[in-house]
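Some notes on the structure that comes next.
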Amino acid sequence: MEYQINDIKLKHLELVRQEEVDFQTIMVEIFNYQNTWWDKKVAFRYKFKKMYQVINNFRSLDITVINATSDCGIRFPSNVDSLSFQCRLEIGNIPSKGGNPTEQIIDLIALSCFTTHHGVKFNSDSWLYARFREYVSSLPLLDMLGLHNTLKKQLDTSNESWNKEFKLVEIIDIDYVDAGGPAMLGGFSMLRTIKKMQKDHRVSYEEAFLLPYSLVQSGNLESARANWVQDRMTQIKERNMRSKQVKQK
């Protein structure tokens, strides 16, 4: 039996990334080594050498430059902004859930690809999602690291792009801040967003969460721009009024 790098699955990441590698555990859990009489007396040295080469080959790779391939075993979204609003919310909450790096990578891939892979509505509480998450964990580690890198880059780019757009029309009201507005009302921003989506697209509360992220953000950005324009108009009117008053004196 020849050991290969694709024998290492995503769920094995913690085993192969630790500073002091536990080769005994790796032999059993990754390469299914059976300590039979034949293995102990004849095959152990050969199998250990092959396993050692595979693990060292993996550890010598720069995994940060690996990208997704079309044959990685998962159909993944070409644009993460097409994911549902609920999906993007759950992806954003991954760090707050804790868990080791492997669990976070599995979560990001499973959440990002569930709808695209299965062609169903997003539902991370479903039995199908639980089965898909397990499937992701059992796919070759290199393929999944490449997919994770690609999805993470897309998500970071998306977040940076939207944040830049909203920053351009940000209105800082000192009086609102001093009055504790952000602390008291900031937690209701999600509710306001969902209510707006319900009204604009005539959907239920649950359906509003399943709208594409790009659609929800575009709606929020439209409102932010409208508020920014209204604020600018108010400032211009006040400035013109003061100018007129000065001229009349």
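Start at 1 with the first residue, then count along the sequence. This one's a predicted model, so the numbers in the text were calculated from it and none came from an experiment.
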Is [Y] close to [X] at the side-chain level, that is, under 4.5 Å between some pair of heavy atoms?
| X | Y | value |
| --- | --- | --- |
| F132 | L128 | no |
| K9 | L139 | no |
| V229 | V169 | no |
| P101 | R17 | yes |
| R192 | K195 | no |
| L210 | F85 | no |
| I105 | L10 | yes |
| C72 | M144 | yes |

Closest heavy-atom pair and its distance - [X], [Y]:
| X | Y | value |
| --- | --- | --- |
| M197 | L211 | CB-CD1, 3.8 Å |
| G99 | Q104 | O-NE2, 3.3 Å |
| P77 | C113 | CD-SG, 4.0 Å |
| Y3 | V54 | O-CG2, 3.6 Å |
| G73 | Y135 | O-OH, 2.8 Å |
| T150 | A68 | OG1-N, 2.8 Å |

Original post:
Going by the angle between their ring planes, with limits at 30° and 60°, are F122 and Y129 parallel, tilted or perpendicular?
Top reply: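 Correct class here is perpendicular.
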Subject >> Whether Y205 and F209 hold their rings parallel, tilted or perpendicular, with breakpoints at 30° and 60° >> reply: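 Geometry flag for F209 against Y205: perpendicular rings.
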Subject >> same_hphob_cluster(W127, F114) at 4.5 Å side-chain heavy-atom cutoff >> reply: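 Yes; F114 is reachable from W127 via cluster members.
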**OP:** Test ring-ring contact (aromatic ring centres under 6.0 Å, His included) on H117 and F76 and set out the steps.
**Re:** CA-CA 6 Å; H117 186 79; F76 53 91; over 10 Å; no
Original post:
Got a sec, which pairs hit salt bridge (Lys or Arg N to Asp or Glu O under 4.0 Å) with one end in residues 146-166, sequence neighbours left out?
Top reply: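 Those involving residues 146-166 are K152-D156, E165-R225.
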Original post:
Which residue pairs pass the salt bridge (Lys or Arg N to Asp or Glu O under 4.0 Å) test with at least one member in residues 86-104, sequence neighbours excluded?
Top reply: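 Found D81-R88, K97-D107, E103-R133.
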**OP:** Mind running side-chain contact (heavy atoms from CB on, under 4.5 Å) on I91 and L83 for me, showing each step along the way?
**Re:** CA-CA 10 Å; I91 290 173; L83 299 174; 4.1 Å; yes
Within this structure, what is the [atom1]-[atom2] distance for the pair [X] and [Y], rounded to the nearest 0.5 Å?
| X | Y | atom1 | atom2 | result |
| --- | --- | --- | --- | --- |
| L61 | I5 | CG | CD1 | 5.0 Å |
| I109 | L145 | CD1 | CG | 7.5 Å |
| I30 | L141 | CD1 | CG | 8.5 Å |
| M190 | L89 | CE | CG | 4.0 Å |
| I74 | H118 | CD1 | NE2 | 9.0 Å |
| L151 | L147 | CG | CG | 4.5 Å |

Subject >> Derivation of the side chain to side chain donor-acceptor pair (under 3.5 Å) call for T157 and Q154 >> reply: CA-CA 5 Å; T157 298; Q154 290 185 10; over 6 Å; no
Original post:
Just by distance, with hydrogens left out, do N57 and Q53 show a side-chain donor and acceptor under 3.5 Å apart?
Top reply: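 Q53 and N57 do not have a side-chain donor-acceptor pair below 3.5 Å.
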**OP:** Decide side chain to side chain donor-acceptor pair (under 3.5 Å) for Q18 and D22; before the verdict, give the C-alpha distance in whole Å, the side-chain angles of both, and the deciding distance to 0.1 Å.
**Re:** CA-CA 8 Å; Q18 55 191 345; D22 183 351; 5.5 Å; no
